[in-house]
Student: 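First the structure, which I've put down as structure tokens, then a few questions once you've had a look.
When a ligand or atom number is given, it counts from 1 through the structure's own listing order.
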Amino acid sequence: VSVMVGVDIGGTKVALGLVGEDGSLHGDAREDVTLTGGDAVFVEGLIGSVRRAVAESREEVLGIGLGCAGTIDSARGTVIESPNLPVRDLPLATLVRDAIGLPVVLDNDANAAVWAEVQAGAARGLRHVVMLTLGTGVGGGLVLDGRLFRGAAGGAGELGHMVVMAGGEVCACGRRGCLEAYASGTALQRTAERIADAVGRGLVEEGKGTDYGRGLLRLHRQDRLSGESVGALALEGDAAAGNAVFEVSRWLGVGLANLANVFNPEMIVVGGGLSRLGDLLLEPAREILRRTALHPSGDAQVAIAELRNAAGVVGAGLVAWEEHRSVARVGRP
Ligand SMILES: [Zn+2]
């Protein structure tokens with residue numbers, strides 16, 4: 001059996017694992033290297049981790065896939081900039097390849113995630129797939145006509161910064177009205193804060209019942225209101241938390257309809273922390289998609305991502321596998 005080393009370069013740590021061509025993990029993925037210090041320290045630590053993984057592998061290692069958040073020029077193997085790393089224009093793929101002596105592919109973590117869903121997850125076997133990752137922010141990835149779509153310089157797929165409300169809420173990117181400002185964990189928290197604030201001032205709509213919003217208000221006063229805590233409350237059946245999720249879900253639906261009209265995908269996969277809300281999050285969004293997207297694009301399936309544990313590691317490994325196959329197809333230069 002042959003494997004790729006899949007490496008997920010996260011916000012605070014690096015996770016590695018051995019990934020088979022079918023997306024299976026050989027042994028456990030493990031975490032290594034704390035991302036502190038300058039880029040030279042980080043690169044040295046990363047190379048050390050990869051070298052250990054290769055040395056300890058009982059399978060033949062064919063190559064290495066690196067997945068990293070940020071703007072990545074995959075063709076040149078360069079991290080242009082990353083929220084996770086204090087680097088700019090770092091030729092990471094070349095540095096790792098020269099140190100280890102195996103082919104290295106570097107890609108954006110969102111690209112790795114959508115590729116993993118197409119190869120081994122919810123979108124297995126499909127050729128036209130859009131993925132949204134709803135966490136603190138909103139990430140995106142595109143598989144068009146069976147291939148990852150990266151754009152001219154690696155900047156494609158920033159689906160979270162599609163404007164859904166001109167002049168709307170301020171986004172983490174500094175612009176206004178992005179999908180991320182309406183359909184992220186941060187947006188869910190903001191929506192819940194607004195409801196809790198209204199409840200605290202006695203501004204509850206008639207017919208909502210005396211308990212309405214009390215749970216959110218309690219969390220708010222304990223300073224524990226977050227996308228995660230609001231989601232958990234909604235899953236327990238709390239009506240006000242459910243309304244906050246509903247509002248976020250409707251904005252998600254606006255995003256889905258736009259994406260469906262642009263790409264006419266077979267499936268839109270929703271991953272990230274908010275996707276734990278399942279149909280509570282997806283159902284209202286699906287309804288907006290069906291009602292507002294053009295025919296037949298509105299028929300796109302909307303599914304929750306399947307790869308959970310070590311999705312970043314598996315995705316990075318599968319991107320390396322795809323590169324390996326495409327080099328085999330066209331022959332080495
Ligand atoms: Zn934005």
Side-chain angles (χ1 to χ4, degrees), residues 9-11 67-74 79-89 107-114 129-144 148-194 225-228 230-231 244-263 265 268-275 277 281-282 284-285 288-289 292-293 302 305 312:
I9 302 169
C68 183
T71 307
I72 307 293
D73 185 338
S74 184
V79 180
I80 295 171
E81 60 181 355
S82 169
N84 294 347
L85 301 172
V87 302
R88 226 166 215 285
D89 296 320
D107 213 329
N108 177 283
D109 60 344
N111 286 345
V114 67
V129 178
V130 173
M131 182 164 179
L132 285 172
T133 304
L134 310 181
T136 309
V138 174
L142 301 167
V143 170
L144 306 179
L148 268 174
F149 183 81
R150 300 180 172 100
E158 288 292 354
L159 309 179
H161 302 287
M162 160 173 69
V163 173
V164 293
M165 172 62 97
E169 298 283 347
V170 175
C171 180
C173 73
R175 296 155 68 241
R176 283 183 178 273
C178 299
L179 180 65
E180 176 170 309
Y182 289 89
S184 59
T186 314
L188 179 58
Q189 178 182 339
R190 193 192 63 237
T191 306
E193 271 166 4
R194 204 191 59 228
L225 213 52
S226 66
E228 208 171 335
V230 175
V245 171
F246 183 72
E247 197 168 309
V248 164
S249 175
R250 290 173 58 84
W251 283 109
L252 174 61
V254 173
L256 296 183
N258 284 334
L259 293 169
N261 283 340
V262 174
F263 297 110
I268 302 175
V269 181
V270 177
L274 276 194
S275 70
L277 290 165
L281 178 74
L282 291 199
I288 302 233
L289 167 67
T292 64
V302 183

Student: Could Arg175 and Glu180 be called an ion pair, given the rule that one side-chain N must be under 4.0 Å from one carboxylate O?
Tutor: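 Judged by the 4.0 Å cut-off on N to carboxylate O distance, Arg175 and Glu180 do not form a salt bridge.
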
Student: Output, in order, the C-alpha distance, side-chain angles, deciding distance and verdict of side chain to side chain contact (heavy atoms under 4.5 Å, CB included) for Leu134 and Leu281.
Tutor: CA-CA 11 Å; Leu134 310 181; Leu281 178 74; 3.9 Å; yes

Student: Give me the atom names and distance for the closest heavy-atom approach of Ser184 to Leu274.
Tutor: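 The pair with the smallest heavy-atom distance is C-CD1, 3.6 Å.
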
Student: Do NZ/NE/NH1/NH2 and the carboxylate oxygens of Asp107 and Arg150 come within less than 4.0 Å?
Tutor: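 Result for this pair is yes, salt bridge flagged.
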
Student: Taking only Lys NZ, Arg NE, NH1 and NH2, and the carboxylate oxygens of Asp or Glu, determine whether Glu169 and Arg190 approach each other closer than 4.0 Å.
Tutor: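 Answer for the salt bridge query: yes.
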
Student: Is it the case that over 12 heavy atoms from other parts of the model lie below 6.0 angstrom from the CD atom of Glu193?
Tutor: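 Yes.
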
Student: Could you grab the protein N, O or S atoms closer than 2.8 Å to the Zn ion (ligand 1) for me?
Tutor: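 His161 ND1, Cys171 SG, Cys173 SG, Cys178 SG, with waters left out.
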
